[in-house]
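Working notes, structure below.
Note on naming: letters A, B, ... go to the chains in the order of the sequence lines (proteins, then strands), and numbering restarts at 1 for each one.
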Protein chains: 2
Amino acid sequence: MYKPKGEKDIRCPLEYGLNVFGGKWKARIICVLSQKKTLRYNAIRSEMTDISDAVLAAALKELQADEIIVRKQYDEIPPKVEYSLTEKGESAIPILQSICQWSGASSKEEGEHLMKQCQKCDYKADKKTN
Amino acid sequence: MYKPKGEKDIRCPLEYGLNVFGGKWKARIICVLSQKKTLRYNAIRSEMTDISDAVLAAALKELQADEIIVRKQYDEIPPKVEYSLTEKGESAIPILQSICQWSGASSKEEGEHLMKQCQKCDYKADKKTN
DNA sequence: CAGTATCCTATTAGATACTG
DNA sequence: CAGTATCTAATAGGATACTG
């Protein structure tokens, strides 16, 4: 039963949400933008160690399409583009914080703190290494 | 910079959480178990239309490894196995509900209601079809 | 009944070179 | 600077046959 079209089939709100900020990078991008408010392309790139341009650009496009971030382009040389969260994007932050909290923090405050450090923290859950 | 091992690198609580209930099926499984409390393998399978055995079995194993669900095996013929949520699994439900709510519901109650219907609902967000 | 084993396809991620 | 284009690699997801 193949889906020849590249369409995602979002069948419920759960799938929609996980599609919007799931995957390897999108939640991290929202996280970083929630702290720095406005960042240029290369600034985001350097906050996210080990992401490639192809993947970062794709993630940013999806986040724009889902109206989580806005892209503001200044027409000057050299080019300058700034990204920031939309209101909808801001509204997702509490969810990401609650995930941080659930993932091991013992309090709401600690969850928010972990969220603030999410870019570079070396969190290790009690996940088995199979 | 290759990661030759099949190890996931969970670097922050956000990645941990999204690893636990992200992907195409795991949140749905938690969702279904939160309503029916205890289900046998084939019962889960029939609640989740279009999942194959290989994929369902893999998801159930990961959820067990992450201590989200428990597998109770009865040694009888024919075999009988029951799955249910652990306490940790139950504790993830509010997060999934808040995702449902964020994804388009206007109230907490509506979010919980959507969550209850998540298996079969035909939710359509205002997502562009590119 | 409750899965495994095997094989295959689709999607996602990554490296790198290049461009307005 | 902020990407795009292209190619390759890794992973997720799926179909189907088989088994204790």
Side-chain angles (χ1 to χ4, degrees), chain A residues 1-11 15 18-29 33 38-65 69-84 130, chain B residues 1-11 15 18-29 33 38-65 69-84 130:
Chain A
M1 195 174 293
Y2 292 91
K3 298 267 184 324
K5 318 232 282 120
E7 296 281 317
K8 310 225 169 175
D9 55 330
I10 306 291
R11 286 172 299 182
E15 288 182 1
L18 290 172
N19 179 16
V20 168
F21 50 76
K24 189 165 180 180
W25 299 108
K26 283 151 80 178
R28 297 270 308 281
I29 293 171
L33 282 174
T38 293
L39 286 175
R40 297 178 62 170
Y41 179 87
N42 274 330
I44 297 178
R45 199 184 190 301
S46 59
E47 292 281 343
M48 323 266 302
T49 32
D50 291 337
I51 196 172
S52 69
D53 282 314
V55 172
L56 175 55
L60 290 172
K61 275 192 179 172
E62 283 185 56
L63 288 169
Q64 280 172 76
I69 64 174
V70 272
R71 176 182 185 278
K72 185 171 182 187
Q73 176 173 347
Y74 297 85
D75 283 321
E76 50 188 59
I77 307 277
K80 176 177 172 181
V81 173
E82 285 179 344
Y83 292 92
S84 53
N130 306 334
Chain B
M1 194 176 293
Y2 293 93
K3 298 267 182 330
K5 318 232 286 116
E7 296 282 316
K8 311 226 167 171
D9 55 331
I10 306 292
R11 286 173 298 183
E15 289 183 0
L18 291 171
N19 178 260
V20 168
F21 50 76
K24 188 166 179 179
W25 299 108
K26 283 151 82 178
R28 297 269 311 280
I29 294 171
L33 282 175
T38 293
L39 286 175
R40 297 178 64 170
Y41 179 87
N42 275 328
I44 298 178
R45 200 183 190 301
S46 59
E47 292 282 342
M48 322 267 299
T49 31
D50 290 335
I51 196 173
S52 70
D53 282 315
V55 172
L56 175 56
L60 290 173
K61 273 191 182 175
E62 282 184 56
L63 288 168
Q64 281 172 75
I69 63 175
V70 273
R71 177 183 184 278
K72 185 171 181 186
Q73 177 173 348
Y74 297 84
D75 284 321
E76 52 187 58
I77 308 279
K80 177 177 172 182
V81 174
E82 285 179 345
Y83 292 92
S84 54
N130 306 330

Tell me the closest heavy-atom pair linking A:K24 and B:E15, and the distance in Å. O-OE2, 4.3 Å
Considering just the side-chain nitrogens and oxygens of B:K24, establish if one lies under 4.0 Å of OP1 or OP2 belonging to C:dT11.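 Result: no.
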Phosphate oxygens OP1/OP2 of D:dG14: is one of them under 4.0 Å from a side-chain N or O of B:W25?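 For D:dG14, OP1/OP2 do have a side-chain N/O of B:W25 under 4.0 Å.
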Taking side-chain hydrogen bond (donor to acceptor under 3.5 Å, both in side chains) as the test, write out the residues that go with A:Q73, two or more places apart.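 With neighbours one apart ignored, the set is A:R71, A:D75.
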d(CG, B:L18; P, D:dA12) in whole Å: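 Rounded to whole Å, this separation is 14 Å.
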By the 4.0 Å heavy-atom rule, please label [X] as base, sugar-phosphate, or nothing.
| X | answer |
| --- | --- |
| A:P79 | base |
| A:N42 | sugar-phosphate |
| B:R40 | sugar-phosphate |
| B:Y83 | sugar-phosphate |

Determine the stems involving DNA chain C; a stem requires 3 or more consecutive pairs of the Watson-Crick or G-U wobble kind, each with both distances below 3.5 Å, and the answer is none if no such run exists.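 Ordered by first number, the stems with DNA chain C (at least 3 consecutive pairs each) read C:1-20 with D:1-20.
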Proximal nucleotide (of D:dC1, C:dG3, D:dG3) relative to the B:Y41 side chain: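 When the side chain of B:Y41 is considered, C:dG3 is the closest of D:dC1, C:dG3, D:dG3.
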Nearest-neighbour nucleotide for the B:S52 side chain, D:dA15, D:dC1, D:dG20 considered: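 My answer, after comparing the listed nucleotides, is D:dA15.
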Going by heavy atoms closer than 4.0 Å, what residues in residues 54-63 of chain A are next to DNA chain C?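 Within this stretch, A:A54, A:V55 sit under 4.0 Å of the strand.
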Excluding sequence neighbours, so at least two apart, what forms side-chain contact (heavy atoms from CB on, under 4.5 Å) with [X]?
| X | value |
| --- | --- |
| A:K61 | A:Q64 |
| A:D53 | A:Y41, A:R45 |
| A:K26 | A:N19, A:A59, A:E62, A:L63 |

Residue list, ring-ring contact (aromatic ring centres under 6.0 Å, His included) with A:Y83, at least two apart or on another chain: none
